[in-house]
Amino acid sequence: MLDINLIRETPDLVRKALRDRQMETAPVDAMLQLDERRRSLLGEVESLKAQRNMVSKEIGQLKDAEARQSKIEAMRLVGDRISGLDAQVAAVDRELGDLAATIPNVPDARTPIGASEAENVVLRTVGEIPKFDFAPKAHWELGPALGVIDFERGTKITGSRFYVLSGPGARLQRALIAFMLDLHLRQGYTEQYLPFMVKAETMFGAGQLPKFADNLYKDHEEELYFVPTAEVPLTGLHMNEILDEARLPLLYTGYTPCFRREKMSAGRDVRGIKRGHQFDKVEMYMYARPEESDALLEKMREDAEATCAALGLTYRVKQLCTGDLGFGAAITYDIEVWAAGCNEWLEASSVSNVRDFQARRANIKYRPTDGSKARFVHTLNGSGLGLPRTLIAVLENNQRADGSVVVPGILQPWMGGIDVIRPI
RNA sequence: GGGGAGGUGCCAGAGUGGUUGAAUGGGACGGUCUCGAAAACCGUUGUGGGCUCCGGUCCACCGAGGGUUCGAAUCCCUCCCUCCCCGCCA
């Protein structure tokens with residue numbers, strides 16, 4: 001959600017932001033018109049209300065029955081006009097709100113301008129692309145051969161894009177989750193166990209509704225949504241709160257499953273576990289003072305990189321261009337891990353500063369230490385790596401000629417002595 | 001699931017339909033007093049929005065949303081949440 005003042009005072013800035021994102025600028029003009037209409041209606045209705053308040057007080061004092069009655073009649077008419085105008089204001093507000101909810105965040109000046117993901121910029125690559133003296137297998141072959149990924153039974157139980165992790169595969173994922181959470185604790189984050197279902201208001205606050213309703217699973221009986229990422233409940237955590245500045249920044253980490261209908265990606269990445277309807281993720285999230293959020297974005301990127309590095313994964317850091325930037329983000333780094341079997345880079349993490357965009361939608365402010373007016377916080381989010389893609393990279397990159405996979409040493413504390421997973 | 005009680009400001013807690021944006025107490029902040037502190041005393045202590053000659057002024061907000069009324073924290077309806085008792089249950 002953008003500040004209406006930003007649109008009112010610097011509409012060209014917002015128009016440019018929309019153009020850079022390959023979007024229409026018409027909503028800006030519609031909003032400017034509605035905003036003007038709203039203010040003129042408010043002027044009218046509020047002066048009527050002031051009049052009614054004043055006369056109503058007089059009525060309370062009046063002893064003379066006739067004078068009293070005539071004022072009551074007059075105010076009844078005023079009341080009717082107020083109801084009519086109030087309804088108009090409400091209608092304009094709704095339109096304005098609907099439009100505002102569809103306008104994405106203004107990109108940071110450092111976000112390169114580009115039309116699509118093809119114009120994202122690779123900032124650097126860390127590690128060597130592993131060489132094999134045999135043809136490395138993709139995880140959709142490796143997984144079933146090792147008995148750790150069971151595609152058929154996932155589909156049997158639920159449907160396409162669902163799978164079962166079995167035996168050491170399930171344990172490996174659990175080890176990765178525990179490893180990531182423990183690492184984030186050392187990096188200064190506080191662990192949260194969150195609800196996996198949220199109400200519509202929470203989805204709206206995080207920017208998922210109304211725009212991405214198609215991508216969400218919903219329980220229609222209870223009007224609850226399944227979270228598509230822990231970012232949603234982590235944003236909701238402090239919804240409608242005013243935080244003490246002394247508490248900032250707040251650094252959180254949380255593990256949740258994520259549920260996505262993937263309607264927009266129908267037919268893409270259907271092979272393997274790269275893009276399922278349900279996947280696990282460990283998330284990092286921050287509530288920050290505006291002036292420190294830029295620096296904290298770099299910390300979060302480093303923390304995500306540290307996860308890749310500790311697992312011995314080869315990865316690269318990309319800077320997203322305006323055409324590929326997420327709806328709420330002002331600036332985003334993607335971290336992609338190399339998967340030797342699929343022979344491609346997989347997006348495992350996306351680290352963004354959304355500035356006050358979510359804070360406005362979710363109404364999250366902080367009280368400056370000097371006691372001055374409450375200000376919106378900045379929020380940042382980043383995956384401490386999505387589990388399926390991390391799992392893919394770990395399996396594919398650590399495979400050996402005999403079809404076995406070496407488990408990274410750093411995961412040993414959670415693997416109970418399993419250092420190699422062998423074909424069944 | 002059944003029955004009962006309740007949601008008011010930072011907290012506690014009043015509030016006959018008519019200067020109640022809200023008594024009182026506590027906390028916090030500022031000040032007086034003091035060598036300093038405590039105590040005492042005085043003052044300040046919400047959010048959003050409109051207009052503004054930037055001094056203000058007006059509107060809205062007492063869990064949320066509707067309704068009744070000239071006028072609603074107060075009356076009515078719906079929903080949400082909390083607490084207590086009974087039942088059921090991982």
Side-chain angles (χ1 to χ4, degrees), chain A residues 1-9 31-101 193-205 209 218-225 233 236-248 257 287 356-377:
Chain A
M1 183 86 74
L2 295 183
D3 186 354
I4 182 68
N5 289 312
L6 186 74
I7 296 171
R8 192 187 293 156
E9 286 157 24
M31 281 187 74
L32 287 172
Q33 270 190 324
L34 282 167
D35 178 52
E36 212 161 300
R37 170 151 173 74
R38 173 173 180 274
R39 285 187 289 161
S40 107
L41 283 168
L42 276 182
E44 202 177 339
V45 72
E46 286 189 356
S47 76
L48 286 173
K49 283 182 180 175
Q51 187 194 349
R52 181 178 68 180
N53 286 346
M54 203 176 67
V55 176
S56 288
K57 267 176 197 170
E58 288 172 19
I59 292 172
Q61 315 290 337
L62 273 181
K63 299 280 179 272
D64 182 73
E66 250 176 71
R68 203 182 148 91
Q69 200 49 45
S70 87
K71 286 198 188 232
I72 288 177
E73 304 288 341
M75 284 311 103
R76 190 173 296 153
L77 294 178
V78 170
D80 289 344
R81 287 180 63 199
I82 289 174
S83 310
L85 288 167
D86 268 345
Q88 290 184 57
V89 172
V92 170
D93 273 345
R94 211 171 317 113
E95 267 189 86
L96 212 44
D98 288 351
L99 278 172
Y193 170 81
L194 302 153
F196 301 159
M197 305 178 85
V198 300
K199 49 186 173 180
E201 188 190 348
T202 311
M203 280 295 180
F204 180 86
L209 284 178
K218 180 184 181 187
D219 172 47
H220 289 271
E221 209 163 328
E222 302 285 347
E223 289 283 314
L224 287 177
Y225 294 85
L237 213 51
H238 294 296
M239 189 163 60
N240 296 322
E241 287 184 31
I242 298 177
L243 305 161
D244 284 335
E245 183 178 6
R247 290 179 63 192
L248 298 179
Y287 293 80
D356 62 1
F357 190 82
Q358 284 173 332
R360 279 182 195 285
R361 294 172 77 102
N363 187 30
I364 306 163
K365 299 185 174 180
Y366 73 97
R367 174 81 56 199
T369 313
D370 63 13
S372 59
K373 196 169 147 67
R375 303 166 67 195
F376 287 109
V377 298

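Being a predicted model, the structure only gives us computed values, none of them experimental. Each chain gets a letter, A, B and so on, in the order the sequences are listed, and its residues count up from 1.
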Taking for each residue the nucleotide of RNA chain B bearing the nearest heavy atom, is the 5' side occupied by A/I242 or by A/I4? A/I242

Nearest-angstrom distance from the residue atom CG of A/L224 to P of B/C81: 10 Å

Any side-chain heavy atom of A/Q88 sitting closer than 4.5 Å to one from A/E44? no

Search all heavy atoms of A/M1 against all heavy atoms of A/R360 and return the closest pair with its distance. O-CD, 3.2 Å

Taking the C1' atom in each of B/A64 and B/U8, what is the distance between them to the nearest angstrom? 15 Å

If the condition is side-chain hydrogen bond (donor to acceptor under 3.5 Å, both in side chains), which residues does A/K49 pass it with, not counting sequence neighbours? A/D86

Would you mind building the protein contact string for nucleotides 51-67 of chain B? One character per nucleotide, 5' to 3', B for base within reach (heavy atoms under 4.0 Å), S for sugar-phosphate only, - for untouched. S------BBS-------

C1' atom, B/G18 versus B/G55: distance in rounded Å? 31 Å

Report, as yes or no, whether the 6.0 Å neighbourhood of atom CD on A/Q33 holds more than 12 heavy atoms from other residues, nucleotides or ligands. no

Do A/H238 and A/R247 come close enough that some side-chain heavy atom pair is under 4.5 Å? yes

Does this structure show an ion pair linking A/R39 with A/D35, if we count only N-O contacts that are shorter than 4.0 Å? yes

Exam field: side chain A/R367 to backbone A/D244, donor-acceptor pair closer than 3.5 Å: no

When you compare B/C76 with B/A28, how far apart are their P atoms, in angstrom units rounded to a whole number? 40 Å

Say we look at B/G17 and B/U74: how far apart would their C1' atoms be, to the nearest angstrom? 7 Å

Protein and nucleotides 6-9 of chain B: nitrogen or oxygen contacts under 3.5 angstrom:
none

For B/G48 and A/K373 - does any side-chain N or O of the residue sit under 4.0 Å from the phosphate oxygens OP1/OP2? yes

Residue list, side-chain contact (heavy atoms from CB on, under 4.5 Å) with A/Q69, at least two apart or on another chain: A/I72, A/E73

Sorted by number, the residues of residues 68-77 of chain A with heavy-atom contact under 4.0 Å to RNA chain B: A/R68, A/I72, A/M75, A/R76

What base-paired stems does RNA chain B take part in, with at least 3 consecutive Watson-Crick or G-U wobble pairs and both distances under 3.5 Å? B:1-7 with B:80-86, B:10-12 with B:24-26, B:27-32 with B:40-45, B:46-51 with B:56-61, B:63-67 with B:75-79

Please figure out whether A/K365 or A/I59 has its closest RNA chain B nucleotide nearer the 5' end. A/K365

Write down the distance separating the P atoms in B/U68 and B/C61, rounded off to the nearest Å. 15 Å

Distance check needed: B/G48 P versus A/R375 CZ, whole Å only. 13 Å

Taking atom CZ of A/R8 as the centre, report whether more than 12 heavy atoms of other residues, nucleotides or ligands fall under 6.0 Å from it. yes

Taking every heavy atom of A/Y366 against every heavy atom of A/F376, the minimum-distance pair comes out as CE2-O, 3.7 Å

A/E201 CD - B/C79 C1' separation (whole Å): 14 Å

Distance, rounded to the nearest Å, where A/K57 contributes NZ and B/U19 contributes P: 8 Å

Is it the case that more than 12 heavy atoms not belonging to A/E241 sit under 6.0 Å from its CD atom? yes

Backbone of A/A67 reached by a side-chain donor or acceptor of A/S70 within 3.5 Å: yes

Could you give the CG-to-C1' distance, from A/D3 to B/G48, as a whole number of Å? 12 Å

For atom CZ of A/R360 and atom C1' of B/G49, their distance in whole Å: 14 Å

Can you tell me how far P in B/G13 sits from the matching atom in B/G63, rounded to whole Å? 15 Å

Syn or anti for B/G55 (syn when the glycosidic angle lies within 90° of 0): syn

In this structure, how many angstroms lie between the P atom of B/C81 and the NZ atom of A/K199, rounded? 8 Å

Flag the pair A/E222 and A/K199 as a salt bridge only when some basic side-chain nitrogen lies within less than 4.0 angstrom of an acidic carboxylate oxygen. no

Interatomic distance at P, B/A72 relative to B/G66, whole Å: 14 Å

How close do A/V198 and A/P233 get, heavy atom to heavy atom, and via which atoms? CG1-CB, 4.4 Å

Indicate yes or no: at least one non-hydrogen side-chain atom of A/E223 is less than 4.5 angstrom from one of A/K218. yes

Take atom C1' in B/C89 and the same atom in B/G67, then report the distance between them in whole Å. 40 Å

